[in-house]
Amino acid sequence: MTANTTQTLTRPEHKPERKPERKPERKPEYKAARPPVIAGARPPRDASAGDVVLAYLRVQAHTLKTLEPAVRADEFDAVHQMRVATRRLRAALRTFGQVIPRTDSEHLAGELQWLGRELGAARDSEVLAGHLRDSLRPTPPELLIGPVQARVQGYFAPRRAAARDALIKALDSPRFARLLPELDRVAAGPPRGPLAAAPAREVLPASVRRAYRQAKRRMRRARHTPPGQARDVALHQARKSARRARYAAEAATPAIGKRARKFAKQMKQVQSVLGDHQDSVLARQAARDLGIGAHLAGENAFTYGLLHERELHHAERLQTRARKVWRHASRPKYRRWMN
């Protein structure tokens, strides 16, 4: 027999196995379970305006209620998602007054506003702390003068804890317990508005158009407001209107289709840029407060001034971007279905 000539006489060198690089752990994002089929939640294209609006309310009411355990457990992003559901409900009640009259929804809208404020306080402190930490991350070490990271942590930790305690108390309150059945009652219908029985395709575009026009007026007002705090406030109001127009278009999508969906997507982009601008405004205020606290404690406040100036320039860039995004979003091709 002939030997295998490919085999060598020397022992092959043993190479240790390379362990795969360990990827940094990511905090899992909260993902709500796929909602079950809700009666009347998917109206046909030829449905009445009342059926379409009530379907939207039922889906958002279901989302709000199913998120409550996740919010109590402090699961990531649960507060934000519950806040979004609350905003969508309130926006629908305010926008479609010809379908659900204000006399039937005014009290519920006020209670949703209260719940939104409680959720917002908990959410905003968390977002703002992360925003400042992200701003500090690329800062060269020689410009981080004093215990900056520790002061930022010490500034936001008690605020977030207090906001979370207040939120849990709100969820435990009789007021929240009364809100849920009232929400179910309004979402169950029947809607008593003068146009509730009319075809949704004929009624809802006009409601979305009114929401859009309010956003347009507020964007114009912000553009003509002098730079400074007044413009910041004007842009924040414009953001609220863009968000309302977006949610109104989302509610109308089952009847209108992809045209409403595309418009909602454009308003979402406007809302996103203006939201980043508002975060920058709040971060600037927090940097000022942190600097004052550092100065009073005998520390060097240089880094907080740097953060303040950085956020100021960032906000200016976002204002320019917001104008460009709005010009694109308000093109006639996205709005013809409203006429």
Side-chain angles (χ1 to χ4, degrees), residues 80 83 120-121 123-157 159-160 163 215-243 245-246 265-331:
H80 172 62
R83 186 187 191 187
R123 171 67 176 170
D124 290 345
S125 60
E126 178 182 341
V127 169
L128 195 53
H131 184 97
L132 282 179
R133 285 195 297 268
D134 290 343
S135 297
L136 286 170
R137 192 168 291 117
T139 304
E142 63 270 18
L143 299 182
L144 293 174
I145 302 175
V148 179
Q149 297 282 8
R151 182 165 288 279
V152 170
Q153 176 69 16
Y155 180 85
F156 285 107
R159 285 168 171 78
R160 183 179 185 278
K216 181 180 179 180
R217 288 193 300 271
R218 289 185 171 183
M219 284 296 294
R220 185 188 302 118
R221 187 180 306 152
R223 186 172 68 250
H224 294 295
T225 301
Q229 184 178 3
R231 179 181 288 178
D232 293 339
V233 172
L235 287 170
H236 186 46
Q237 294 302 314
R239 178 201 178 198
K240 292 179 180 179
S241 295
R243 182 176 65 212
R246 169 196 170 188
K265 182 178 179 181
Q266 294 302 316
M267 290 297 104
K268 180 181 179 180
Q269 292 176 359
V270 174
Q271 175 193 343
S272 178
V273 176
L274 292 177
D276 290 343
H277 178 269
Q278 179 65 10
D279 289 346
S280 185
V281 170
L282 296 177
R284 197 161 70 238
Q285 296 172 357
R288 180 180 181 276
D289 292 343
L290 286 162
I292 292 173
H295 174 73
L296 294 177
E299 300 169 9
N300 192 315
F302 169 83
T303 303
Y304 309 104
L306 178 66
L307 284 176
H308 186 281
E309 190 69 11
R310 184 181 290 169
E311 292 296 340
L312 179 62
H313 290 294
H314 183 49
E316 291 173 349
R317 291 191 296 270
L318 286 169
Q319 288 181 22
T320 301
R321 173 157 176 74
R323 288 191 290 271
K324 293 180 180 179
V325 171
W326 174 258
R327 282 198 298 270
H328 179 81
S330 58
R331 288 179 177 178

Between the side chains of [X] and [Y], does any donor sit under 3.5 Å from an acceptor?
| X | Y | value |
| --- | --- | --- |
| Gln266 | Arg331 | no |
| Arg159 | Ser125 | no |
| Gln271 | Arg246 | yes |
| Glu309 | His313 | yes |

Inset, instruction - Ignoring hydrogens and angles, tell me if any N or O in the side chain of Thr303 forms a donor-acceptor pair with the backbone of Ile145 under 3.5 Å. - result: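 Between the backbone of Ile145 and the side chain of Thr303 there is a qualifying donor-acceptor contact (under 3.5 Å).
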Legend entry - Side-chain donor or acceptor of Thr225 paired with backbone N/O of Arg221 under 3.5 Å: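 Such a contact is found between Thr225 side chain and Arg221 backbone.
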Looking only at non-hydrogen atoms, find the nearest pair between [X] and [Y] and report the distance.
| X | Y | answer |
| --- | --- | --- |
| Ala215 | Ala242 | CB-N, 3.8 Å |
| Ala287 | Leu307 | CB-CB, 4.1 Å |
| Arg151 | Ala297 | NH2-CB, 3.5 Å |
| Trp326 | Lys216 | CZ2-CA, 3.5 Å |
| Val273 | Leu318 | CG1-O, 3.7 Å |
| Ala222 | Arg231 | O-NE, 3.5 Å |

Legend entry - Candidate pair Leu128 and Asp279, rule side-chain contact (heavy atoms from CB on, under 4.5 Å), full reasoning: CA-CA 7 Å; Leu128 195 53; Asp279 289 346; 5.7 Å; no
Legend entry - Distance (rounded to the nearest 0.5 Å) between Ser272 OG and Met267 CE: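 Between Ser272 OG and Met267 CE, I get 12.5 Å after rounding to 0.5 Å.
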Inset, instruction - Could you grab the distance from atom NE2 of His80 to atom CG of Asp124, nearest 0.5 Å is fine? - result: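 Rounded to the nearest 0.5 Å, the NE2-CG separation comes to 11.0 Å.
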Check whether any side-chain heavy atom of [X] sits under 4.5 Å from a side-chain heavy atom of [Y], and report yes or no.
| X | Y | answer |
| --- | --- | --- |
| His224 | Arg220 | yes |
| Tyr304 | Val148 | yes |
| Leu282 | His131 | no |

Legend entry - Ion pair Arg284/Asp289, N-O distance below 4.0 Å: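 Salt bridge: no.
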Inset, instruction - Show the numbers, then the answer: is there a side-chain contact (heavy atoms from CB on, under 4.5 Å) between Leu235 and Gln319? - result: CA-CA 9 Å; Leu235 287 170; Gln319 288 181 22; 3.6 Å; yes
Legend entry - His328, NE2: over 12 other non-hydrogen atoms inside 6.0 angstrom: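 Atom NE2 in His328 is packed in, count exceeds 12.
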Inset, instruction - Would you sort out whether Phe156 and Glu126 count as a side-chain contact (heavy atoms from CB on, under 4.5 Å), showing the intermediate values? - result: CA-CA 8 Å; Phe156 285 107; Glu126 178 182 341; over 6 Å; no
Inset, instruction - Mind jotting down which residue pairs meet the side chain to side chain donor-acceptor pair (under 3.5 Å) criterion with at least one end in residues 135-150? Sequence neighbours excluded, please. - result: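 Every pair satisfying side chain to side chain donor-acceptor pair (under 3.5 Å) with a residue in residues 135-150: Asp134-Arg137, Ser135-Glu311, Thr139-Arg310.
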Inset, instruction - Using side chain to side chain contact (heavy atoms under 4.5 Å, CB included) as the criterion, point out the one residue from Arg321, Gln269, Gln237, Met219 that pairs with Leu274. - result: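 With Leu274 as partner, Arg321, Gln269, Gln237, Met219 yield a single side chain to side chain contact (heavy atoms under 4.5 Å, CB included), made by Met219.
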Inset, instruction - Please say which of Arg317, Glu316, Gln285, His314 ends up in a side chain to side chain contact (heavy atoms under 4.5 Å, CB included) with Ser280. - result: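 Of the listed options, the one satisfying the test is His314.
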